Amino acid sequence: MYEEEDRLAAVWMSHRQGIGAVSAQKLINLAGGYRNVFRLSGNELDNAGILTERQRKMLTETLHDGSAREEAMRDLERMKRYGIRIVLPEDAAFPEKLRRIPDPPMWLYVKGKLPDGDQKACALIGARNCTEYGKEEAEYFGGLLAENRIPVISGMAVGIDSFALRGALGKDGECYAVLGCGVNICYPREAGDIFSKITENGGILSEHPLDCPAFPQHFPVRNRIISGLADMVLIVEAKRKSGSLITADLALDQGKDIFALPGRRTDPLSEGTNRLIRVGAGIVTGPEDVLEYFGLDAKKGRKQSGVCDSRLVKNEKKVYSAIDSHLRHIEEIMKRSGLSWGECLVALMKLEIYGLAVQPDNQYYMKKLDK
């Protein structure tokens with residue numbers, strides 16, 4: 001059973017630069033518990049050989065520094081005022097899913113609540129500089145998951161992450177944001193609406209202490225927590241080299257199921273997702289793919305709107321079958337339908353009038369879908 005001194009030691013360690021989950025676990029094992037870390041001597045650290053020279057020097061200088069300990073004590077007091085707590089691995093509230101990943105966090109700062117370990121969840125992530133299509137799909141799938149009471153895990157970053165969370169929050173869904181900074185910091189600032197609402201039915205999580213800035217090196221490391229808390233990881237838009245693909249790699253190491261939303265082959269923001277599908281990730285072409293994974297009725301998903309396609313004439317049916325929920329150029333639709341340019345254009349115009357198709361971009365069409 002943890003005591004206040006254990007949590008004090010965890011807060012103290014979280015302030016030490018260069019001490020991450022792996023190094024912290026070595027220290028705790030060497031000391032025989034969190035609270036005993038304060039009793040380690042410089043000689044013990046030198047003889048153990050578990051830390052780098054830089055880490056040993058830093059710890060030796062601060063281990064018995066009264067001011068560093070006082071800083072940790074002040075943090076604990078502030079956390080009580082702000083409704084923030086630090087959760088350790090043997091606490092009942094600590095997520096069981098995180099206990100099972102290769103490099104589990106040795107502490108979690110939490111504002112709000114933690115996910116229910118018995119409930120399946122989905123990590124919904126993707127590119128920061130996403131397209132309008134990506135924003136729409138992220139928001140839609142976030143809302144779909146929320147409507148079906150599936151918790152959404154994300155990073156609250158600008159772009160796909162934020163739109164996924166907004167979609168879920170818009171449906172009063174359960175959401176969790178894993179930050180690369182302190183849980184008392186809204187980063188990015190553009191996500192202020194999410195930051196203020198997410199704890200109503202979810203939580204904000206971080207390994208980093210109060211007031212810790214969002215340093216770039218924090219984000220790849222925090223991604224293992226995002227995937228670790230999830231059962232399915234769904235990626236909406238990602239470049240060939242991106243943080244989302246790092247998360248996908250971490251998720252594979254953790255034994256998670258990876259799914260991706262396909263995109264146009266010429267779109268740089270679809271290179272990453274298309275590659276994932278090519279090497280074996282699950283493909284999501286509609287709500288049924290997500291809902292079926294969670295064992296839910298796909299009929300609750302998004303349905304096609306407008307006139308029933310049984311009322312369409314022959315050419316209109318061909319064109320309607322050649323388009324889907326992804327933008328397709330008219331030349332591609334011609335090849336799929338086997339119709340000429342003129343026949344295809346006339347049919348597309350009719351489908352737009354019927355409310356069955358839309359043209360979001362010049363000569364690019366897709367089925368119109370009810371949200």
Side-chain angles (χ1 to χ4, degrees), residues 95-98 112-126 130 133-157 159-178 191 193-194 197-205 225-237 244 247-248 251 254-262 273 276-277 281-305 324-326 366-371:
E96 179 60 32
K97 290 173 186 174
L98 291 184
K113 68 177 185 178
L114 284 162
D116 181 347
D118 295 328
Q119 189 174 12
K120 286 192 173 183
C122 179
L124 189 44
I125 58 174
C130 58
Y133 165 73
K135 292 176 185 177
E136 180 181 331
E137 290 299 290
E139 194 166 357
Y140 166 69
F141 279 104
L144 176 76
L145 291 162
E147 285 177 333
N148 288 276
R149 298 185 179 180
I150 300 166
V152 176
I153 319 290
S154 203
M156 211 173 82
I160 296 298
D161 288 30
S162 288
F163 278 93
L165 291 173
R166 287 190 180 102
L169 290 172
K171 302 289 185 179
D172 295 322
E174 183 179 336
C175 302
Y176 299 91
V178 185
D193 56 328
I194 300 170
K197 188 177 180 182
I198 195 169
T199 54
E200 292 176 8
N201 194 29
I204 300 172
L205 290 61
I225 298 177
I226 294 175
S227 56
L229 288 169
D231 297 276
M232 167 196 265
V233 177
L234 173 55
I235 301 172
V236 178
E237 293 193 326
S244 298
T247 308
Q254 296 167 354
K256 309 293 181 173
D257 294 315
I258 312 297
F259 285 76
L261 202 68
T273 49
L276 283 172
I277 293 166
I283 183 171
V284 171
T285 58
E288 63 279 357
D289 298 316
V290 174
L291 296 179
E292 285 173 6
Y293 174 85
F294 290 103
L296 299 171
D297 185 358
K299 291 180 181 179
K300 292 180 180 178
R302 180 170 55 179
K303 293 182 171 62
Q304 295 160 1
S305 67
D324 50 30
S325 60
H326 301 288
M366 63 187 290
K367 284 182 179 177
K368 186 175 181 180
L369 302 165
D370 284 334
K371 301 278 181 156

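A quick note: this is a predicted structure, and the numbers were derived from the prediction, not measured.
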Are any side-chain N or O atoms of [X] and backbone N or O atoms of [Y], one a donor and one an acceptor, separated by less than 3.5 Å?
X    : Y    : answer
Q119 : R149 : yes
Y293 : D231 : yes
S154 : A177 : no
K256 : V233 : no
K120 : F294 : no

Measure the [atom1]-[atom2] distance between [X] and [Y] for me, rounded to the nearest 0.5 Å.
X    : Y    : atom1 : atom2 : result
L124 : I226 : CG    : CD1   : 11.0 Å
I194 : L165 : CD1   : CG    : 5.0 Å
I125 : T247 : CD1   : OG1   : 4.0 Å
S244 : L276 : OG    : CG    : 9.0 Å
T199 : Y176 : OG1   : OH    : 11.0 Å
K197 : D172 : NZ    : CG    : 5.5 Å

Salt bridge (Lys or Arg N to Asp or Glu O under 4.0 Å) against K135, all qualifying residues, sequence neighbours excluded: E132

Can you list everything that forms a salt bridge (Lys or Arg N to Asp or Glu O under 4.0 Å) with E96? Sequence neighbours excluded, please. R99, R100

Closest non-hydrogen atom pair between [X] and [Y], with its separation:
X    : Y    : answer
L261 : V284 : CD1-O, 3.1 Å
I160 : C130 : CD1-CB, 3.7 Å
S162 : A191 : OG-CB, 4.2 Å
A168 : V152 : CB-CG2, 3.9 Å
K171 : A146 : CB-CB, 3.7 Å
A121 : K97  : N-NZ, 3.9 Å

What's the verdict on side-chain contact (heavy atoms from CB on, under 4.5 Å) for E174 and N201, showing C-alpha distance, side-chain angles and the deciding distance? CA-CA 5 Å; E174 183 179 336; N201 194 29; 4.0 Å; yes

Tell me, do F259 and C122 make a side-chain contact under 4.5 Å, heavy atoms counted? no

Using side-chain heavy atoms (C-beta onward) and a distance below 4.5 Å, is L98 in contact with L229? yes

